[in-house]
Amino acid sequence: MTFIPIHLLTKKLSSRAKRGMRFFLRLAGAICGLLSAAALAQPAKALIEYQVSLANPSEHLFHVTMRIPDVHGELLLQMPAWNALYQIRDFSSRIQQVSAESEAHQQLAIEKIDKQTWRTRAEGTVVVRYAIFWDSPGPFASQLNGEHAFINPAMVFLYSPGRRSESVGALFRDFPAQWRIVSTLPFSTLQKSTNPPVHIVAAPSYDAFGDSPVELGTFSLFQIQDGSHPISVAIHGDNFKQADVESTLRKICKYQIDMMGGAPFDHYLFIFHIGKAAQGAGGGMEHADGTAINIASGQQIAGVSAHEFFHLWNVKRIRPASLEPVDYTREQYTRALWFAEGVTSTYGSYTLVRTGLWTHQDFYADLAQQITELESRPANRWQSAEQSSLDAWLEKYPYYNGPDFSVSYYTKGQVLGVLLDILIRDRTNDQHSLDDVLGKMNDDFARKQQPYRDSLDIRLTAESVAGGSFEDFFRQYVAGAEALPYAEILGKAGLLLQKQATVRAEPGFTLERDSTGKLIVRSIAAGSNAERSNLQPGDEIQSWNGENPPRRVDAWLRTRKPGDILRLQIRRNDEAQDISFTLGGKTENIFALDEDPRGTPKAKSIREGLLRGTALSVTAAH
């Protein structure tokens, strides 16, 4: 692929691109055409450029050419070992045919010195070429096929370790003529000056580039909010109603923006892969100014979107110091994921009930389900919220996710968030709440672009809001694994927690999602109907009762009873097979949550505050 510097292609970019990325202005010059050899002045600051050919998408290879100017001596290039998930995934294993040359086309020796690093030497500009294979559905991976391209840039593009702060430009070419582009970054499509058209994306640094997914293809694109802080939605797939999507997202975004005191972005982008386009992968991934989400149906949009949109503040801007700066080469440990992810789930559920997307009973059922999940795991007796956060890097090991080995920082953090909220409201006579803690952390850390000191600053902020110590709470229940006093604290909000034994449907096997989002059978219970049907560990679940597999199997099971038939289509050794069997039964303790009719006026006020998002002064009554 012939490399034409981007500054030869850019004369006039969109006004949004100019507003969003000043360095584009330094690239302004005459468009000389794709094969022009004429050059204008180089930008004042070095620009690292990528050109990406999407030719032959059925081969699933991104052909990348990288141009690094101003090289003097040794040049190191690295591919991140992790991104999107807290897992070492070694993206360099996907790279082929790395080569280097000078801008005068003189071949340069390039040596691989470890699993993710290459080294060369030169004076002037170095041009590096390679291909990288990706055909895994998002949002935690990248994909190129005949239908679209989805790119998490940190999984596709090499970087120079000492030059991550330099501006980045990426040009995409050789794609079907009908494909469009969308990204959280400023972009421009050059159609009149190039044939076929090319798309250009710009970022002020590699880190900003790496945190900004790109979608190319034929997708639905619409805005749910105009004005100075527009919000756009791009949907690749089917099985959704645009009007329902718009209505749901407007409620979620408006509530959270109002609660947090304004939008922290210039432009926000939702990228959805829905239905068949999700290819069975599920989940959402937050980014600084957008999110990428895979779901089976548009009906699942509310829950995952409420969580991911709140990440705009919690984790992307209200950020733990242990995650700064990002180190792409190795594990980056933090004790704060219970807050960054778990309390984000707290606000996901708060958003849904406070906007009317959930009923009060939906909220109670979800919270009770989280408590049931915690109490069903023996590891809850010894693994604290902080340790669960620290051990996030072990989640890629199937046995670690078993109930004897771990609890989820999402689940434990969500419950801790609600309990802490109730205690703050109780101590302040319902004048303050966890909302105030998030608002204060937004003011004290995010708006000052300062990270917080993991659980310490969370505790200090809560104490500042509540006017009293939370040292015991954090020592016992955040850093420690003492039994959570659910009933006592929930009672302060006029809520009754009840435990009962029940027989629930049991599939007889456990599942996990691999790093590409595929749903894989992890283990089979001895003597189960699943075992008798010849289901085996390692089978990939492709169809579940004729539909995409449920995002949450436990929630699906609550709608079934022992004896119901489960029909699976699996893939084993690259062959599809149909397997069916009846669900078994398992006796277990489950929790239910309801309103206490004998609750005090203060407790009822606190409960209403949780449900409505208010903090009101009340007269304590006991």
Side-chain angles (χ1 to χ4, degrees), residues 280 282 296-297 299-300 303 361-381 383 398-408 410-412 414-415 483-484 486-487 496-513 518-572 577-594:
S297 165
Q299 295 179 343
Q300 299 174 342
Q361 290 303 320
D362 290 332
F363 176 80
Y364 299 151
D366 178 74
L367 182 55
Q369 178 190 331
Q370 309 310 316
I371 295 172
T372 297
E373 167 65 15
L374 278 181
E375 292 304 304
S376 70
R377 302 181 75 89
N380 189 44
R381 295 194 293 268
Q383 189 180 51
Y399 65 86
Y400 172 78
N401 295 297
D404 292 314
F405 291 90
S406 66
V407 296
S408 168
Y410 284 88
T411 305
K412 202 159 193 174
Q414 179 177 344
V415 174
L484 293 175
Y486 308 111
L496 278 174
L497 184 68
Q498 297 176 318
K499 181 173 69 173
Q500 60 186 19
T502 187
V503 179
R504 59 172 286 181
E506 173 66 22
F509 61 93
T510 60
L511 295 166
E512 64 179 347
R513 290 197 183 274
K518 294 178 180 177
L519 197 61
I520 307 297
V521 176
R522 180 169 67 87
S523 64
I524 307 291
S528 66
N529 293 338
E531 183 183 54
R532 284 187 282 271
S533 73
N534 197 34
L535 189 69
Q536 297 179 15
D539 288 346
E540 177 191 342
I541 305 295
Q542 295 190 310
S543 173
W544 187 288
N545 278 358
E547 300 179 347
N548 286 332
R551 183 167 176 263
R552 296 181 65 170
V553 174
D554 55 347
W556 181 86
L557 287 169
R558 288 199 301 274
T559 67
R560 300 298 190 273
K561 61 183 183 297
D564 285 353
I565 295 176
L566 175 58
R567 302 185 310 278
L568 300 175
Q569 184 180 79
I570 61 126
R571 179 166 289 277
R572 182 189 301 161
Q577 298 184 35
D578 292 322
I579 290 177
S580 65
F581 53 90
T582 58
L583 298 172
K586 178 183 178 182
T587 301
E588 64 177 23
N589 290 322
I590 64 170
F591 290 84
L593 198 61
D594 209 344

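Worth knowing before you read on, the calculation uses all heavy atoms, side chains too, and leaves out hydrogens, waters and symmetry mates. Sequence positions, counted from 1, serve as the residue numbers for this chain.
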Student: Taking it one step at a time, do I565 and F581 satisfy side chain to side chain contact (heavy atoms under 4.5 Å, CB included)?
Tutor: CA-CA 6 Å; I565 295 176; F581 53 90; over 6 Å; no

Student: Is there a donor-acceptor pair closer than 3.5 Å between any side-chain N or O of R504 and the backbone N or O of G585?
Tutor: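 Checking the backbone N and O of G585 against the side chain of R504, no donor-acceptor pair under 3.5 Å is found.
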
Student: Would you compute the distance between atom CD1 of I524 and atom CZ of R532 and round it to the nearest 0.5 angstrom?
Tutor: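 Nearest 0.5 Å value for the CD1-CZ distance: 12.0 Å.
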
Student: Please determine whether the number of non-hydrogen atoms from other residues, nucleotides or ligands lying under 6.0 Å from atom CD of Q577 exceeds 12.
Tutor: yes

Student: For F405 versus Y400, what's the shortest heavy-atom pair and its separation?
Tutor: CB-O, 3.3 Å

Student: Sort out for me which residue in N529, L557, L535 forms a side chain to side chain contact (heavy atoms under 4.5 Å, CB included) with P507.
Tutor: L557

Student: Determine, step by step, whether R572 and N534 satisfy the side chain to side chain contact (heavy atoms under 4.5 Å, CB included) criterion, reporting the C-alpha distance in whole Å, the side-chain angles of both residues, the deciding distance to 0.1 Å, and the verdict.
Tutor: CA-CA 12 Å; R572 182 189 301 161; N534 197 34; 3.7 Å; yes

Student: Can you see which heavy atom on Q383 is nearest to which on S406, and at what distance?
Tutor: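 Reported closest heavy-atom pair: OE1-CA, 3.1 Å.
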
Student: Would you mind reporting whether L593 and F363 have side-chain heavy atoms less than 4.5 Å apart?
Tutor: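 No; the side chains remain at least 4.5 Å from each other.
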
Student: Hey, does the side chain of E531 reach the backbone of G527 with a donor-acceptor pair shorter than 3.5 angstrom?
Tutor: yes

Student: Can you list every pair that meets salt bridge (Lys or Arg N to Asp or Glu O under 4.0 Å) and has a residue in residues 363-380, with sequence neighbours left out?
Tutor: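 Output for this query lists E373-R377.
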
Student: Which value, rounded to the nearest 0.5 Å, describes the distance between I520 atom CD1 and I570 atom CD1?
Tutor: 10.0 Å

Student: Working to the nearest 0.5 angstrom, can you tell me the gap between S543 OG and D578 CG?
Tutor: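 Spacing of OG (S543) from CG (D578) equals 8.0 Å.
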
Student: Taking everything shown except Q299 itself, do over 12 heavy atoms lie less than 6.0 Å from its CD?
Tutor: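 For Q299, atom CD is not crowded (no more than 12 foreign heavy atoms under 6.0 Å).
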
Student: Mind checking the CG-CZ spacing from L367 to F591? Nearest 0.5 Å is all I need.
Tutor: 11.5 Å

Student: Can you measure from NZ (K561) to CG (D564) and round to the nearest 0.5 angstrom?
Tutor: 4.0 Å

Student: Where do S376 and P403 come nearest, in terms of heavy atoms and distance?
Tutor: O-CB, 4.3 Å

Student: Are the side chain of T411 and the backbone of L374 linked by a donor-acceptor contact shorter than 3.5 Å?
Tutor: no

Student: Does N545 use its side chain to pair, donor to acceptor, with the backbone of R567 at less than 3.5 Å?
Tutor: yes

Student: For A530 and G508, which heavy atoms make the closest approach, and how far apart are they?
Tutor: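 Heavy atoms only, the tightest pair is CB-O, 3.8 Å.
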
Student: Under a 3.5 Å distance rule, please check whether T510 uses its side chain to pair with a backbone N or O of S523 as donor and acceptor.
Tutor: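 Side chain of T510 to backbone of S523, a donor-acceptor pair under 3.5 Å: yes, one is there.
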
Student: Between D539 (side chain) and V521 (backbone), is there a donor-acceptor pair under 3.5 Å?
Tutor: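 Such a contact is absent between D539 side chain and V521 backbone.
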
Student: Which heavy-atom pair separates A592 from A368 by the least distance, and what is that distance?
Tutor: CA-CB, 4.0 Å

Student: Where the side chain of E540 meets the backbone of R571, is there a donor-acceptor pair that is under 3.5 Å apart?
Tutor: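 A pair under 3.5 Å: no.
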
Student: Can you tell me how far the CG atom of L583 sits from the OG atom of S528, to the nearest 0.5 Å?
Tutor: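 These two atoms lie 11.0 Å from each other.
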
